[in-house]
Amino acid sequence: MSNYHIKHLEEYWQVYRKSVRNPESFWEEIAEEHFLWRKKWDNVLSWDFSKPEIKWFEGAQLNITENCLDRHLASRADKTAILFEPNNPDEKAEHITYRDLHRRVSKMANVLKSQGVKKGDRVCIYLPMIPELAISVLACARIGAVHSVVFAGFSASALSTRINDCDCKIIICADGSFRGNKTLDLKDIVDKALENSPGVKTSLVVRRTNTTVVMKEGRDVWLDDLFDKAEDVCKATVMDAEDPLFILYTSGSTGKPKGMVHTTGGYMVYTAYTFKNVFQYREDDIYWCTADIGWITGHSYIVYGPLANGATTVMFEGVPSYPDYGRFWGIVEKHKVTQFYTAPTAIRALAKENLNFVEKYNLSSLKVLGTVGEPINEEAWHWYNDHVGKKNSPIVDTWWQTETGGIMISPIPYSTPTIPTFATLPLPGIQPALMDENAKEIQGNQVEGRLTIKFPWPSIARTIYGNHDRYRDTYFSAYKDMYFTGDGARRDAVGYYRITGRVDDVIIVSGHNLGTAPIEDAINEHPAVAESAIVGFPHDIKGNALYGYITLKETGEGRDQDNLRNEINQLIATRIGPIAKLDKIQFTEGLPKTRSGKIMRRILRKIAGKDTENLGDISTLLNPEVVKSIKNNALV
Ligand code: PRX
């Protein structure tokens, strides 16, 4: 028997050692005992990080929805699979049982088939957090179509870029979405996006807000008409373990977003295993992850990981501040949530509000609290621990990435002693290493360096859609035979990891990865802008906020600066989305550059972070004089 469910620290170490000594047999045992395969693998793992090529469970065949749905019908058909909590607290929560979810996924899969979708086709999904989102994801997986979910907060332009990059012919969207007291016109955004995505021939529209929308003849179809008529049985398409399951875009430090490709078998095994252990999941638990399914956290730990374990997973449509700042805690009380997984930015925002919002609810059902997406600061950690967990629920600070598919470094609750701000220990199968400036591995403890992973794990992304060279260059070229994460980390005296943040030009704002290049590109489109540079600076709630240094063309000089700031932010909102708006915009006469013309962001970062005492040697710059004027006019 594999030690599938780790229950104490000694057991963790036993399992960890075994997983590192012989990763193949470790994962093989888990795959063998806990999943349904149509055919077993010929080979557990083959890998070569120099190509890079990674294959897990090659030769195996399966369908992930048979693991997430069909196999639960024998013993859990009437158990709630998805517990949907609508935006409006007066609207009834919906309990979707495994039987019902299986039926709805099958119907949706038949709808997709009726629209000509076949195995391997990419399907774009742009939906709010309503059951149809999870159902569409699973329906794609049912028939072997590759889902590409785009977070429904992205702008038309960002949506169109993602649709075109992976050549989707069909999109599943909605008329609108409810977010707190607002109704957003999603269909309008889709219509704008499709003006630049002529490859999309069909758009299936889910009715949610009943807002009036324009339906384009021959392209737009209401989903409910088709859904009602569809058969409720759909045979699962048999997939190879290495067939792609989905594409999910993440920001890079340069260029267009990267469509990370995840495959079927390894992803399933890893997300299911880590879900069970990191949340110490038990059969009667009510698990809630507050992320959106538009992000990897939602893919792995709202949909696939929980459902592969036959769990009840909560899906929340709304926002933490509506109708008031007690909403999260009200939902925990109402549904007796046992595991609660959220982002540090949400904790910081809620911690600012009156304690009464949390104290008036009974949170005694909680057993495990989780955080993800960015480093959690000590103050937020304590607030979460004291007021939500009542010092009784371990906090799992889970470090991972879109690229890793699943949680990589995290405490195992009730086993690993936790320390605020530390993601602590690698999960079984994960072999982290810290690298120094000379690309050498740093041995021992109490050290700091760049975080890499030495050995493949089952859910590592296999490529960037349509650009394998970029995949190699981004992740496997900095350090030979290692996956480079882009993060820095410290290893303390007992070997615990603390993630210190990105070491590249990705900035994490409210838990969202934002690359500086696409934002700068958007700003530079403004006719009055000559040049720009974006850096992050510490922000109480968002973790980081964006600070833009912008040089104007002559035509821009003398214009009202506040108007310009608004126009620039509007442009960013249109090109990328409101999450990428700048908090501060400083107009400068120039940007500090090296002699080769590279913008010295290090200096700009220091100025934005009020750390101007030691800017380092600026004498070698092309234009050292601009630094003084930027410093004197800084918006701090
Ligand atoms: O910098 C790390 C940070 O988020 C990055 C990955 O972002 P994304 O691909 O959007 O995935 C987020 C959800 C998995 C990482 O490179 N990050 C994520 N979790 C943590 C974190 N930083 C510190 N502590 C964490 N727990």
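Numbering of ligands and ligand atoms starts at 1, following listing order.
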J.: Any atoms of ligand 1 less than 4.0 Å from a non-hydrogen atom of Trp400? List them with their elements.
T.: 6 (C), 14 (C), 15 (C), 18 (C), 19 (N)
J.: Flag this pair as yes if the NZ/CZ of Lys584 is under 6.0 angstrom from the six-membered ring centre of Phe537 and inside a 45 degree cone about the axis; otherwise no.
T.: yes
J.: Looking at non-hydrogen atoms alone, which of Pro375, Gly373, Gly501, Ala489 comes nearest to atom 12 (C) of ligand 1?
T.: Gly373
J.: Within ligand 1, which atoms have a heavy atom of Thr402 less than 4.0 Å away?
T.: 8 (P), 9 (O), 10 (O), 11 (O)
J.: Can you list the ligand 1 atoms lying under 4.0 Å from a non-hydrogen atom of Val372?
T.: 13 (C), 14 (C)
J.: Please write down residue, atom name and distance for the protein heavy atom closest to atom 5 (C) of ligand 1.
T.: Ile508 CD1, 3.7 Å
J.: Flag the pair Glu85 and Arg327 as a salt bridge only when some basic side-chain nitrogen lies within less than 4.0 angstrom of an acidic carboxylate oxygen.
T.: yes
J.: Side chains of Tyr249 and Asp165: does their closest heavy-atom pair fall under 4.5 Å?
T.: yes
J.: Does Lys258 form a side chain to side chain contact (heavy atoms under 4.5 Å, CB included) with Tyr475? I'd like the steps, not just the answer.
T.: CA-CA 12 Å; Lys258 299 172 285 190; Tyr475 304 107; 2.8 Å; yes
J.: Please set out all donor-acceptor pairs under 3.5 angstrom arising from side-chain atoms of residues 445-453, sequence neighbours excluded.
T.:
residue: Asn445; atom: OD1; partner: Arg491; partner atom: NE; Å: 3.4
residue: Asn445; atom: ND2; partner: Ala493; partner atom: O; Å: 3.1
residue: Thr452; atom: OG1; partner: Ala433; partner atom: O; Å: 3.1

J.: Looking only at non-hydrogen atoms, which of Thr500, Asp487, Leu514 approaches atom 1 (O) of ligand 1 most closely?
T.: Asp487
J.: Please list, in number order, the atoms of ligand 1 under 4.0 Å from a heavy atom of Thr398.
T.: 19 (N), 20 (C), 25 (C), 26 (N)
J.: Nearest heavy atom to atom 13 (C) of ligand 1 wins, so pick from Asn513, Thr297, Asp504, Ile507.
T.: Thr297
J.: Flag the pair Trp457 / Leu427 as yes when at least one side-chain heavy-atom distance between them is below 4.5 Å, and no otherwise.
T.: no
J.: At under 4.0 Å between heavy atoms, is it the side chain or the backbone of Gln401 that contacts ligand 1, or both, or neither?
T.: both
J.: Does Lys542 form a side chain to side chain contact (heavy atoms under 4.5 Å, CB included) with Arg348? I'd like the steps, not just the answer.
T.: CA-CA 8 Å; Lys542 301 180 187 179; Arg348 287 191 295 263; 5.6 Å; no
